[in-house]
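Note that this is a predicted model, so its numbers are computed, not measured. Per chain, numbering begins at 1; letters A, B, ... match sequence-line order. Heavy atoms only: backbone and side chains are in, while hydrogens, waters and symmetry mates are out.
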Protein chains: 2
Amino acid sequence: MNIDINKLNRIVGEKNVSTDLADLYVYSSDASVHHAMPAVIIRPETTDEVQRIMRYANREKIPITPRGAGSGTSGHAVPIDGGIVLDLKRMNKILKISPEDMLVKVQPGVVDDDLNRSLQPYGLFYPPAPASSRIATIGGEIAANASGVRSVKYGATRDYVLGMKVVLANGDLINLGSNTRVHSSGYQLERLIVGSEGTLGVIVEATMRIQPVPKYRCLAVAKFDKLEDAGNAISDIISSGTNPSMLELMDSIGIVAVNNAMNLGLPEVGAIILFEADGNVKEAVDYEIKKMKSICEKHKGFGIEMSYDSTERQKLFGGRKKLFASLSKYKQGIVCTDLADDMGVPNSKIAEATKKIHEIAKKNNVIMAVYGHCGSGVIHTKIMLDSAKKSQWDDAEHVIEELYDYVHSIGGVTSAEHGIGLSKAPAWKKARPDLIPVMRAIKKALDPNNILNPHKLMDAPDDWIRATKLRYRVEL
Amino acid sequence: MNIDINKLNRIVGEKNVSTDLADLYVYSSDASVHHAMPAVIIRPETTDEVQRIMRYANREKIPITPRGAGSGTSGHAVPIDGGIVLDLKRMNKILKISPEDMLVKVQPGVVDDDLNRSLQPYGLFYPPAPASSRIATIGGEIAANASGVRSVKYGATRDYVLGMKVVLANGDLINLGSNTRVHSSGYQLERLIVGSEGTLGVIVEATMRIQPVPKYRCLAVAKFDKLEDAGNAISDIISSGTNPSMLELMDSIGIVAVNNAMNLGLPEVGAIILFEADGNVKEAVDYEIKKMKSICEKHKGFGIEMSYDSTERQKLFGGRKKLFASLSKYKQGIVCTDLADDMGVPNSKIAEATKKIHEIAKKNNVIMAVYGHCGSGVIHTKIMLDSAKKSQWDDAEHVIEELYDYVHSIGGVTSAEHGIGLSKAPAWKKARPDLIPVMRAIKKALDPNNILNPHKLMDAPDDWIRATKLRYRVEL
């Protein structure tokens with residue numbers, strides 16, 4: 001592959017093209033375990049520039065990996081075939097905030113928290129918010145179909161995408177969707193692009209639905225001696241028709257990690273549930289909170305604290321918000337890897353699944369935290385291991401295989417909100433072989449030269465652990 | 001095209017295959033203006049039968065038009081190329097009601113109202129409900145991305161599809177989606193199938209999200225002298241962050257039609273707005289209703305009546321529910337045609353659009369009612385004309401062209417909830433030429449022999465009025 005840097009310079013200007021080794025190294029990984037060097041980084045600012053880059057890459061058959069913040073956990077932004085990394089962070093304009101039409105129009109590089117800060121004066125918010133909202137871009141969130149802590153009530157990114165402008169592999173610009181809450185005008189291509197992980201097109205503009213900020217939010221925390229009781233409480237809350245705006249689980253490993261990292265002094269119990277309700281009328285919020293409290297108590301939840309106050313709420317939520325970052329502090333010499341990190345399991349199986357995860361981890365000599373947005377079926381785990389030891393990676397490999405076989409056997413899915421990328425591809429392909437030819441056919445129809453984020457998802461290598469180098473000092 | 005009836009008899013049994021002229025005639029039209037005769041009707045009962053039919057049709061390149069209730073308004077189920085009509089109404093089993101996982105699994109022929117009746121004992125409901133819910137099937141609703149009166153709060157069918165089993169053109173069965181609120185495991189193909197109007201595959205099973213029935217529903221009716229005031233009230237209700245569970249408009253033509261048909265004695269004012277709020281706490285419902293009432297009053301709404309009582313609510317809603325059926329009674333000798341029937345316009349343009357619709361109708365010598373789920377941007381219209389007169393069809397053609405040019409110029413879409421089919425295809429293709437090659441590429445990837453509902457949507461003829469015969473006694 002021969003990339004004409006001068007050509008790229010002419011499109012975006014020299015200062016927005018880099019072949020500097022330090023830059024390439026930064027762009028060689030994301031939040032996953034993977035590492036692969038690109039040949040060049042290019043930072044377009046306009047749709048026209050993206051179109052010209054795509055036309056060039058398509059003609060020369062150069063792989064292009066679109067990239068937002070690089071906060072993806074499964075290798076979406078790791079350029080496994082080298083080539084060009086298309087950094088979209090310069091396309092970070094909020095083009096329109098329309099309270100009249102209850103929507104925003106944004107460029108793909110807009111950061112989630114920045115968008116929400118801009119919406120605040122209008123009393124509006126954009127509900128999907130991954131834990132990485134401080135850095136994650138809307139384009140990246142669309143590509144992964146991100147959801148986050150409020151998905152139990154508000155749904156995932158796919159539920160907020162109204163429209164989109166997308167540059168196809170051949171450089172053509174298409175305009176998808178509508179400016180309305182509903183539409184039935186042709187294939188819902190904007191929803192096909194959601195979760196397609198940069199393999200079908202480059203999102204250059206998105207029209208997203210927004211929501212009024214509720215006047216009242218009440219957050220509560222319940223403690224449990226047994227993880228299983230907490231899991232059953234979550235299932236009961238959902239199946240009883242309660243309407244939480246957040247319903248989070250955190251196991252004992254998570255609690256210890258947060259205490260070690262932040263010195264929060266949380267009680268080191270078996271599990272914690274965080275539950276929130278929101279609304280414009282306090283009586284209605286009280287009603288939901290009371291119902292959830294009583295379900296928690298039925299399942300031996302205790303020490304339940306709650307608050308409507310924003311500062312108090314942030315304190316209660318503090319541990320959960322920092323959980324992912326804290327996990328690396330769980331134990332000396334152990335790192336936290338983003339592997340098997342976000343399975344989706346049916347609501348009725350939450351308790352069983354959390355128990356099973358701990359069992360599988362123990363059997364295979366790794367530590368796994370269990371936490372996440374269990375109210376919407378999302379169970380987060382991280383595999384904590386000694387990354388310098390080859391044997392620990394073998395252990396992780398076994399855990400992942402066993403865990404996904406279990407998750408699929410109970411009607412769950414490989415990924416609930418982070419995507420498949422590289423590391424989850426083998427497990428997902430094993431579970432869903434019927435989808436592979438269909439996805440390949442669609443990919444080929446839209447990207448016949450296979451230049452857009454090639455060798456991801458259905459085309460990812462079958463051995464995740466050796467698919468790329470790992471970004472750890474270990475030779476496998 | 002040579003169809004081997006014996007072959008079909010062997011797949012589904014003789015009594016489920018028909019070439020009887022009376023049957024073929026019934027299946028030659030749906031709720032649209034179109035009419036085209038199929039060669040044979042086949043009524044499968046199992047997925048395996050559907051797979052065998054598809055394999056046969058694909059091998060012999062025989063057009064297949066999947067059909068639910070035939071209540072579509074744009075010609076989706078009209079077999080423009082003849083061939084086989086695949087009647088899915090025998091596949092009408094509710095396979096699973098799971099309050100534990102807040103989902104149902106249904107076959108495509110399950111009728112919407114039947115599903116909701118089955119959910120009632122559980123205190124649950126399936127929110128998307130077109131006006132035709134008494135006959136419309138879930139499979140058809142998915143194919144059209146139907147929404148209905150509660151879409152303003154609850155969204156469209158696309159927001160409720162969790163998973164799906166689909167038989168592809170080649171007879172392969174694929175299993176899409178998840179049993180969870182969110183998922184990010186491969187392309188969201190289940191959402192691509194939504195709204196694809198039977199052109200990409202045959203839905204043989206669907207997993208749909210369900211919701212708890214709220215304890216309280218309060219419905220209110222406000223009258224307005226001017227349609228424009230009513231339109232502005234709707235825009236204000238939405239942009240003020242109110243959360244109606246229904247927000248409907250009905251213009252003076254609709255009111256007269258309902259009075260003529262049902263003798264309801266509604267006051268013949270310029271417009272009526274119906275607004276509803278729901279929830280588990282009465283104070284919260286009161287809050288929303290009060291807010292909407294005051295916005296209506298600000299825009300000169302008067303005579304506001306409201307009720308929490310189910311019988312009273314049905315009475316208030318009676319006129320709206322029967323509006324579509326009543327429109328044919330508006331005036332002697334005039335029929336109501338499903339043309340330009342469901343544009344989607346941005347919330348801020350509701351008042352302007354309703355006014356414009358009446359202007360365009362008047363200018364072109366037809367009568368158009370304006371009503372619909374305006375809270376979610378859906379404006380329903382029907383064109384009422386003397387169907388025996390050739391010139392009236394020319395008038396309709398002009399109206400449609402002018403109307404859609406206007407709708408697209410204000411950022412609206414051709415169809416909000418009924419789909420494109422045949423009659424809306426020319427307008428939609430004119431507005432969205434960029435989508436046609438992409439949709440064709442996807443169609444070709446999934447249905448290379450073009451057997452599934454061919455010549456609809458992006459492949460529909462450019463002249464809707466002569467695309468098929470019309471189901472009226474007129475020669476154009």
Side-chain angles (χ1 to χ4, degrees), chain A residues 99-102 123 144-145 147 151-152 156 158-159 174-175 178-189 191-192 194-196 212 238-239 241 279-281 283-284 287 344 346-348 376-378 411 413-420 428 432 434-435 438-439 441-442 444-446 457, chain B residues 99-102 123 144-145 147 151-152 156 158-159 174-175 178-189 191-192 194-196 212 238-239 241 279-281 283-284 287 344 346-348 376-378 411 413-420 428 432 434-435 438-439 441-442 444-446 457:
Chain A
E100 296 76 29
D101 296 331
M102 277 289 157
N145 191 21
S147 39
S151 58
V152 60
R158 64 179 180 184
D159 303 306
I174 56 172
N175 196 347
S178 70
N179 295 307
T180 47
R181 178 80 165 94
V182 299
H183 98 82
S184 182
S185 300
Y187 296 166
Q188 310 268 315
L189 297 175
R191 302 224 169 175
L192 175 65
V194 174
S196 65
I238 295 302
S239 65
N280 286 326
V281 174
E283 286 85 345
Y287 170 88
N347 180 57
S348 53
S376 49
V378 186
V413 288
T414 318
S415 171
E417 59 169 20
H418 294 167
I420 298 298
W428 170 75
R432 288 289 172 89
D434 54 329
L435 301 189
V438 183
M439 286 176 55
I442 291 174
K444 193 158 188 186
L446 269 61
L457 266 170
Chain B
E100 295 77 28
D101 296 331
M102 277 288 159
N145 191 21
S147 39
S151 59
V152 59
R158 64 179 180 184
D159 303 306
I174 56 172
N175 196 349
S178 70
N179 296 306
T180 47
R181 178 79 166 93
V182 298
H183 98 82
S184 182
S185 299
Y187 295 166
Q188 311 267 316
L189 297 175
R191 302 225 168 174
L192 174 66
V194 175
S196 66
I238 295 301
S239 67
N280 286 325
V281 174
E283 286 85 344
Y287 170 88
N347 179 57
S348 52
S376 48
V378 186
V413 288
T414 319
S415 170
E417 58 170 20
H418 294 168
I420 298 299
W428 169 75
R432 288 288 171 90
D434 54 330
L435 302 189
V438 182
M439 286 177 55
I442 290 174
K444 192 157 189 188
L446 268 61
L457 267 168

Next on the checklist: If we define contacts as heavy-atom pairs under 4.5 Å, which of A:Asn175, A:Val378, A:Asp159 has the most with chain B?
Outcome noted: A:Asn175
Checklist entry - Roughly how far, to the nearest 0.5 Å, is the OG atom of B:Ser178 from the NE2 atom of B:His183? => result 5.0 Å
Checklist outcome for this item: Comparing A:Arg432, A:Glu417, A:His418 against chain B, the one with the most heavy-atom pairs below 4.5 Å turns out to be A:Arg432
Next on the checklist: Tell me whether B:Arg191 contacts the main-chain N or O of A:Leu192 through its side chain, where contact means a donor paired with an acceptor under 3.5 Å.
Outcome noted: no
Checklist entry - What residue in A:Ile238, A:Asn347, A:Leu446 has the most heavy-atom pairs under 4.5 Å with chain B? => result A:Asn347
Checklist entry - What option among B:Ser415, B:Ala445, B:Gly241 has the most heavy-atom pairs under 4.5 Å with chain A? => result B:Ser415
Checklist entry - Which residue out of A:Gly186, A:Gly279, A:Gly123 racks up the most heavy-atom pairs below 4.5 Å with chain B? => result A:Gly186
Next on the checklist: Quick check on A:Leu457 against chain B: is it the side chain, the backbone, both or neither that has a heavy atom closer than 4.5 Å?
Outcome noted: side chain
Checklist outcome for this item: Rounding to 0.5 Å, atoms OH (A:Tyr187) and CG (B:Leu435) come to a distance of 11.5 Å
Next on the checklist: For chain A, which candidate among B:Ala144, B:Ala441, B:Ser185 shows the most heavy-atom pairs at distances under 4.5 Å?
Outcome noted: B:Ser185
Checklist outcome for this item: Counting heavy-atom pairs under 4.5 Å with chain A, the top scorer among B:Val413, B:Val152, B:Val194 is B:Val413
Item to check | Listed partners of A:Glu100 passing side-chain hydrogen bond (donor to acceptor under 3.5 Å, both in side chains), at least two apart | outcome: A:Ser98
Checklist entry - How would you list, by chain and number, every residue that makes a side-chain hydrogen bond (donor to acceptor under 3.5 Å, both in side chains) with A:Asp101, sequence neighbours excluded? => result B:Ser348
Item to check | Spatial distance of atom CD (A:Gln188) from atom CD (B:Gln188) [nearest 0.5 Å] | outcome: 12.5 Å
Checklist entry - Looking at B:Met439, B:Glu283, B:Met102, which has the largest count of heavy-atom pairs under 4.5 Å with chain A? => result B:Met439
Checklist entry - Given the options B:Gly195, B:Gly377, B:Ser147, B:Ser376, which has more heavy-atom pairs under 4.5 Å with chain A than any of the others? => result B:Ser376
Next on the checklist: Is there a side-chain contact between A:Leu189 and B:Val438 in this structure, where contact means two heavy atoms from C-beta onward sitting under 4.5 Å apart?
Outcome noted: yes
Checklist entry - What residue in B:Val182, B:Asn145, B:Asn179, B:Thr180 has the most heavy-atom pairs under 4.5 Å with chain A? => result B:Val182
